Protein chains: 2
Amino acid sequence: MNSVRKALLVLEAVADHQPVGVSELASQLGQPKSSVQRALETLHGAGWIRPSSGERTRWELTFRASRLARKAGSHFGLREAVLPHMEELRRQTSETVHLAVFDDSEIVLIERLESPHAVRHVEPLGGRASMLVTATGKAILARLSTEEVDAIHAATVERNDPGTPVPQRDALELELEEVRRLGYATTSSWRDGVFATGVAIIGPSGGPIAALSISTPETRSDEENRRTQAQLLLDHGRQINERLG
Amino acid sequence: MNSVRKALLVLEAVADHQPVGVSELASQLGQPKSSVQRALETLHGAGWIRPSSGERTRWELTFRASRLARKAGSHFGLREAVLPHMEELRRQTSETVHLAVFDDSEIVLIERLESPHAVRHVEPLGGRASMLVTATGKAILARLSTEEVDAIHAATVERNDPGTPVPQRDALELELEEVRRLGYATTSSWRDGVFATGVAIIGPSGGPIAALSISTPETRSDEENRRTQAQLLLDHGRQINERLG
DNA sequence: ATTTCTGTTCCACAATACGGTACGTGATAT
DNA sequence: ATATCACGTACCGTATTGTGGAACAGAAAT
């Protein structure tokens, strides 16, 4: 089903460049205009994109996709199992709490409860980030086999995102050993001025599927803070894992 | 492109029933097993679904769709334009502030800032709701033409969601006239014990594209509260509309 | 006025999606 | 132990349908 593959590529291209026209998409994808045009019409007919209200026919996403996004990974009952603990964590720490899932060598942020403080760290929901430098990512990596970590490290190197530092494989391994020893991961190198602590969440099959983190501006973060936050995460993580397993 | 249409239907069906097998999908969609099977393989190859880790092959969504979700409707710079005002509104009211967009006769909740209070109203992000009973929905409806309201009313009746009351068309019209007069909409019938006030956000093309609301538990809500909240929403709404227009 | 972009339409060809049928395999029932 | 069922998968001949080059009209830029 080559047409499906193409249509999905067009869909993603629309998402990345909306509002966008046929020709730009065609050159972007290296596809004939006719093919792209046909894909656009089909996607429109299916209700996934709509013509923008501008002059020239520009295309943009409908919210059809957002329905899917919400269901992704929902069959574990992950959100439902984790949200109460996130609420509790925010209450106990007054800092921003994040829930990120593991997907295809990256992590995706799917839920967030914000710190009530004026100065706080907020990442966009649905955003993707490297696993090698984030607290959530490292917490998950520490639970994977050497081969899996190798693959993710290689994929990250290959992706070559600008602005995302990539640690050497051996340096990463040392970090991961520390994470395994402690049971949680920390980061201060992901976002400037933000210190984060994360623990992995283990799915029914025994592998890590997500991670929970607390992000604190370094101006508010001290040794005592960090210790209590790590302990709270370990406690809640254990409770969540018991419930899911 | 019939195959694309089918594949997208399969994708949505997987989302609704994951983890799910070929046969169930086939009977659900009224399609031959072979076709569904082919669609599944294609979707897998494109990275949108993955086989679940069981004996029988069950399919589930990857987080590929989450990339799209973040971009849906984002090209106005809507979130960026509105978020500062949401922050300010929460600071001023200490109640939960919601941002919902108008999509295909329903509203979709895309951003939320929570009340710091222990008792608070929280709707799931990405969730959809009827336009006829929510404060956000009515605020938007009041800006649409009679024909558009007719169409949305009809679509809502047809959808026939259990648990969602549908007002009569003429009663709705009376309500909308009141909303037009005041400039904002209110609701206490959407969620039990929650009073909400909403204003519409007008896009560059002049039509309503979203709405902002404040939700207050009725135990905390009094006449004075409601007046100040409505006034704050009107002020911020006007500022946002100026910036977008 | 001319050029160079758009987005859209047309068409002959062959690729490929189609869906009925059949096979292997576990689970359940007899 | 045997029979039956439901499931996921593989096969295959047919014709449906996606394909992409080329040509078109209109708008914007030169």
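We name chains A, B, ... by the order of the sequence lines, and we start the count at 1 in each one. Quick caveat: nothing in here was measured; it's all calculated off a predicted structure.
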Exercise. Does the side chain of A/R159 pick up a donor-acceptor pair with the side chain of A/S105 at under 3.5 Å?
Worked result: yes
Exercise. Looking only at side chains, do B/S3 and A/S3 share a donor and an acceptor under 3.5 Å apart?
Worked result: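 Yes, because at least one side-chain N or O of B/S3 sits under 3.5 Å from a partner of the opposite role on A/S3.
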Between [atom2] on [N] and [atom1] on [X], what's the gap in Å once rounded to a whole number?
X: B/R5; N: C/dC18; atom1: CZ; atom2: P; result: 13 Å
X: B/R58; N: D/dT9; atom1: CZ; atom2: P; result: 10 Å
X: B/K6; N: C/dC18; atom1: NZ; atom2: P; result: 5 Å
X: B/E41; N: C/dT16; atom1: CD; atom2: C1'; result: 14 Å
X: A/R38; N: D/dG20; atom1: CZ; atom2: P; result: 7 Å
X: A/L8; N: D/dG18; atom1: CG; atom2: P; result: 14 Å
X: B/N2; N: C/dA15; atom1: CG; atom2: C1'; result: 16 Å

Problem set entry | 4.5 Å side-chain heavy-atom contact, B/L99 and B/L113 | no
Problem set entry | Test item: A/V166 and A/S130 side chains (from C-beta on) under 4.5 Å apart, heavy atoms |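 Answer no - side chains too far apart.
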Exercise. Heavy-atom contacts under 4.0 Å between residues 25-37 of chain A and DNA chain C, which residues?
Worked result: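 Contacting residues: A/K33, A/Q37.
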Exercise. Do the side chain of A/H153 and the main chain of A/P167 share a donor and acceptor less than 3.5 angstrom apart?
Worked result: yes
Problem set entry | Flag, side chain of B/T136 to backbone of B/A211, donor-acceptor distance under 3.5 Å |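 No.
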Exercise. Under a 4.0 Å N-O cut-off, is there an ion pair linking A/R143 with A/E148?
Worked result: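 No salt bridge links A/R143 with A/E148.
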For this session: Before accepting this row, confirm whether a basic side-chain N of the pair B/R238/B/E242 lies closer than 4.0 Å to the acidic partner's carboxylate O.
Result: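 A salt bridge links B/R238 with B/E242.
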Seminar exercise, completed: Applied to residues 1-25 of chain A, the salt bridge (charged side-chain N to carboxylate O under 4.0 Å, His left out) test, sequence neighbours excluded, yields A/E12-B/R64, A/E12-B/R67, A/D16-B/R67, A/D16-B/K71
Contact list (N/O, under 3.5 angstrom) for nucleotides 3-5 of chain C vs protein:
none

For this session: Would you indicate which nucleotide in D/dG18, D/dT19, C/dG7 comes nearest to any side-chain atom of B/S3?
Result: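 My answer, after comparing the listed nucleotides, is D/dG18.
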